[in-house]
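Everything quoted here is computed from the prediction, not taken from an experiment. So that the names make sense, note that chain A is the first sequence line, chain B the second, and so on, each numbered from 1.
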Number of protein chains: 2
Amino acid sequence: MTVLPFSAVLPEDASDGPEDSPLRSVSTAVAVLDCFTAEPELGATKVAARLGIAKSTACRMLAALAAGGLLEKAGSGRYRLGLRLFEYGQLAVDRLLLREVAMPFLGELRETVRETVQLGVAVGTDVLYLERLETAGAGLRFRTDYHRNPAHSSSIGRVLAASDPSLTAAILERGLERRTPFTVVDPLRWRRTLVQTREQGYATCRDEYDQGWSSIAAPILTGVTGRRRAVAAVSVVGATSRMLGPRKPAVVQGVRRAADRITVALERASS
Amino acid sequence: MTVLPFSAVLPEDASDGPEDSPLRSVSTAVAVLDCFTAEPELGATKVAARLGIAKSTACRMLAALAAGGLLEKAGSGRYRLGLRLFEYGQLAVDRLLLREVAMPFLGELRETVRETVQLGVAVGTDVLYLERLETAGAGLRFRTDYHRNPAHSSSIGRVLAASDPSLTAAILERGLERRTPFTVVDPLRWRRTLVQTREQGYATCRDEYDQGWSSIAAPILTGVTGRRRAVAAVSVVGATSRMLGPRKPAVVQGVRRAADRITVALERASS
DNA sequence: TCGGGGCGTTCCGACGTCCGGAACGGCAGC
DNA sequence: GCTGCCGTTCCGGACGTCGGAACGCCCCGA
């Protein structure tokens with residue numbers, strides 16, 4: 001089992017670029033799948049328009065993907081992502097040593113802080129959440145319907161960027177999109193948050209993604225001493241008043257402790 | 001949002017049959033993906049051998065899928081399932097009304113019984129677990145590294161088959177594979193468990209999949225009265241002594257109550 | 001240190017599969 | 001009932017794709 005897949009950074013997004021790789025039909029099939037990230041249900045016409053291919057081609061693609069279970073046919077000729085993708089996805093993360101090792105510590109952290117706990121990695125310039133443990137008794141429930149965030153407005157993203165110059169560059173090149181009035185969109189100020197993150201050993205994110213919600217993250221490190229890099233990060237997210245008020249020191253300590261213990265456990269397990 | 005994808009039954013497995021659908025390369029690409037359900041890591045040679053295609057073809061397929069993020073390249077030319085599949089999979093289940101509606105009730109059920117709680121649907125002749133809520137204080141932890149079971153040796157599968165003759169037939173046609181000395185492999189006896197399930201309104205499964213572990217399941221129904229069908233099922237799984245001993249009535253009541261409430265909530269939400 | 005085997009990758013020509021346009025059939029709305 | 005929209009099917013021509021063989025690499029054993 002491997003700690004993490006290779007493409008932790010820049011897995012070549014290729015949102016609309018002309019796929020120049022071989023196996024054109026396979027490439028377009030993947031592009032067809034990608035259409036369903038934005039829209040939950042799509043028909044042949046819309047897919048064809050979005051990809052600039054013939055309607056008949058789109059129709060064949062949809063049918064072929066549905067035959068393989070990657071898509072499923074809804075009633076009126078529309079399609080949606082299939083459950084087989086859920087299976088594959090579960091297999092993919094189950095085989096990640098990182099997740100397996102981190103899980104018990106995430107559970108403990110949730111018990112300690114009684115807030116939502118997350119485990120995230122970088123995928124391109126986004127943060128992908130491999131795990132999210134919710135807690136019942138944390139007042140309002142945190143939104144659970146996303147699994148990917150722009151890295152710049154996330155405490156996990158900040159932690160990951162702080163130890164990875166190429167990720168930092170990629171994020172800045174993509175641009176710091178404003179989500180709330182509090183999102184840090186000035187490159188210089190954003191870079192300063194990274195410096196602070198390195199000094200403190202943890203990152204915070206106050207109201208920058210969803211107003212009223214803040215998070216604190218700490219890095220899970222790998223590599224030899226002196227050249228350590230964050231492969232992932234642990235974060236706690238909750239209402240801003242609970243995160244950055246009087247409880248902040250306790251939360252910070254909990255997050256850092258969990259991340260450090262996962263780091264150690266990961267080293268032992270991958271040896 | 002839709003309650004459940006269409007292919008709740010028989011999404012055409014086609015494990016090794018000669019794909020007669022168009023888009024041959026897409027079909028083989030899907031077949032390549034399928035190879036990774038059994039093995040976590042594969043190279044071009046093994047994929048080619050398993051599918052009976054040329055090594056060069058397999059290599060191109062792997063490269064194309066990796067370019068799309070569905071696979072990721074491990075160090076030495078080997079590949080594994082990519083994190084993008086995890087994303088797609090999460091999207092697929094997030095868009096299921098069933099899961100969204102069921103979640104709070106599953107959480108409550110876990111608090112009540114303090115055991116692992118599952119939500120499952122039928123996929124072919126297997127049960128696919130859409131959600132599994134573990135509990136910290138339940139003694140030994142239940143194995144968490146699978147998301148798909150043969151339906152015949154699962155209480156959820158029994159509940160689903162009990163209200164679906166075509167699923168029953170498909171399961172029997174595939175054959176009742178023995179997993180433990182307690183697995184019901186006699187078709188007649190197995191049919192009787194379905195009858196009992198219908199009479200009781202819930203199903204049990206004692207030591208049939210993993211010795212020492214048993215489960216109790218109740219159906220989530222849909223459709224008009226008189227012609228109701230189980231689209232999914234809730235189950236509680238734990239050590240056999242805790243499941244089928246003195247606590248059994250309490251567990252049964254809890255499971256049935258949760259399933260009934262999800263049924264009602266689903267009707268209201270999809271109207 | 002050297003040689004061999006295994007593996008992933010690349011190259012090439014011939015084959016055949018896939019693309020795009022147009023026509024068909026079903027559905028919903030006006 | 002008509003009309004527009006959409007998913008699906010059919011067809012011929014173009015070009016992407018397949019399989020075999022050769023290459024380079026790494027690992028293993030001598």
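- When distances are taken from the side chain of C59(A) to each of dG16(D), dC11(C), dT8(D), the shortest belongs to dT8(D).
- Among dC19(C), dC11(C), dG7(D), the nucleotide with an atom closest to any side-chain atom of A44(A) is dG7(D).
- Listed pair R60(B) / dT9(C) fails the phosphate criterion, with no side-chain N or O lying under 4.0 Å from OP1 or OP2.
- Under the salt bridge (charged side-chain N to carboxylate O under 4.0 Å, His left out) criterion, the residue pairs touching residues 119-131 of chain A are R99(A)-E131(A), D126(A)-R148(A), D126(A)-R174(A), with sequence neighbours excluded.
- Within the structure, side chain to side chain donor-acceptor pair (under 3.5 Å) pairs that include any residue of residues 43-55 of chain B comprise E39(B)-R50(B) (at least two apart or interchain).
- Taking atom CG of residue L65(B) and atom C1' of nucleotide dT17(D), one finds them 15 Å apart after rounding to whole Å.
- For R198(B), there are no salt bridge (charged side-chain N to carboxylate O under 4.0 Å, His left out) partners at least two apart in sequence or on another chain.
- Residues meeting the salt bridge (charged side-chain N to carboxylate O under 4.0 Å, His left out) test with R178(B), sequence neighbours left out: none.
- For dC18(C), neither phosphate oxygen OP1 nor OP2 lies less than 4.0 angstrom from any side-chain nitrogen or oxygen of S25(A).
- Candidate nucleotides dT9(C), dC19(C), dC7(C) were compared by shortest atom distance to the side chain of Y79(B), and dT9(C) ranks first.
- Shown for residues 49-57 of chain B: residues whose heavy atoms fall under 4.0 angstrom of DNA chain D, namely A54(B), S56(B), T57(B).
- Within the 3.5 Å criterion, the main-chain N or O of V159(B) finds no donor-acceptor partner in the side chain of T197(B).
- With sequence neighbours excluded, no residue forms a salt bridge (charged side-chain N to carboxylate O under 4.0 Å, His left out) with D260(B).
- Of the candidate nucleotides dT17(D), dT8(D), dC7(C), dT17(D) has the atom lying nearest to any side-chain atom of L23(A).
- Within the 4.0 angstrom heavy-atom criterion, no nucleotide atom of any strand lies near R78(A).
- Here F105(B) pairs with nothing under the ring pair (Phe, Tyr, Trp, His ring centres under 6.0 Å) rule; sequence neighbours left out.
- Checked by distance alone, R24(B) brings no side-chain donor or acceptor within 3.5 Å of a matching partner on the base of dG16(D).
- One can place CG of L62(A) at 16 Å from C1' of dC18(C), the figure rounded to the nearest angstrom.
- Residue K46(B) places none of its side-chain N or O atoms closer than 4.0 Å to OP1 or OP2 of dG6(C).
- Of the listed residues (L160(B), L119(B), V121(B), V264(B)), just one forms a side-chain contact (heavy atoms from CB on, under 4.5 Å) with I220(B), and that residue is L119(B).
- Comparing the end axes of the helix from dT1(C)-dA30(D) to dC30(C)-dG1(D), each fitted to five base pairs by superposing C1' atoms of four pairs onto the next four, gives an inter-axis angle of 50° (nearest 10 degrees).
- When each of L42(A) and V26(A) is assigned the nucleotide of DNA chain D with its nearest heavy atom, L42(A) is the one assigned upstream, toward the 5' end.
- Every residue meeting the side-chain hydrogen bond (donor to acceptor under 3.5 Å, both in side chains) condition with S25(B), not counting sequence neighbours, appears here in chain and number order: S25(A).
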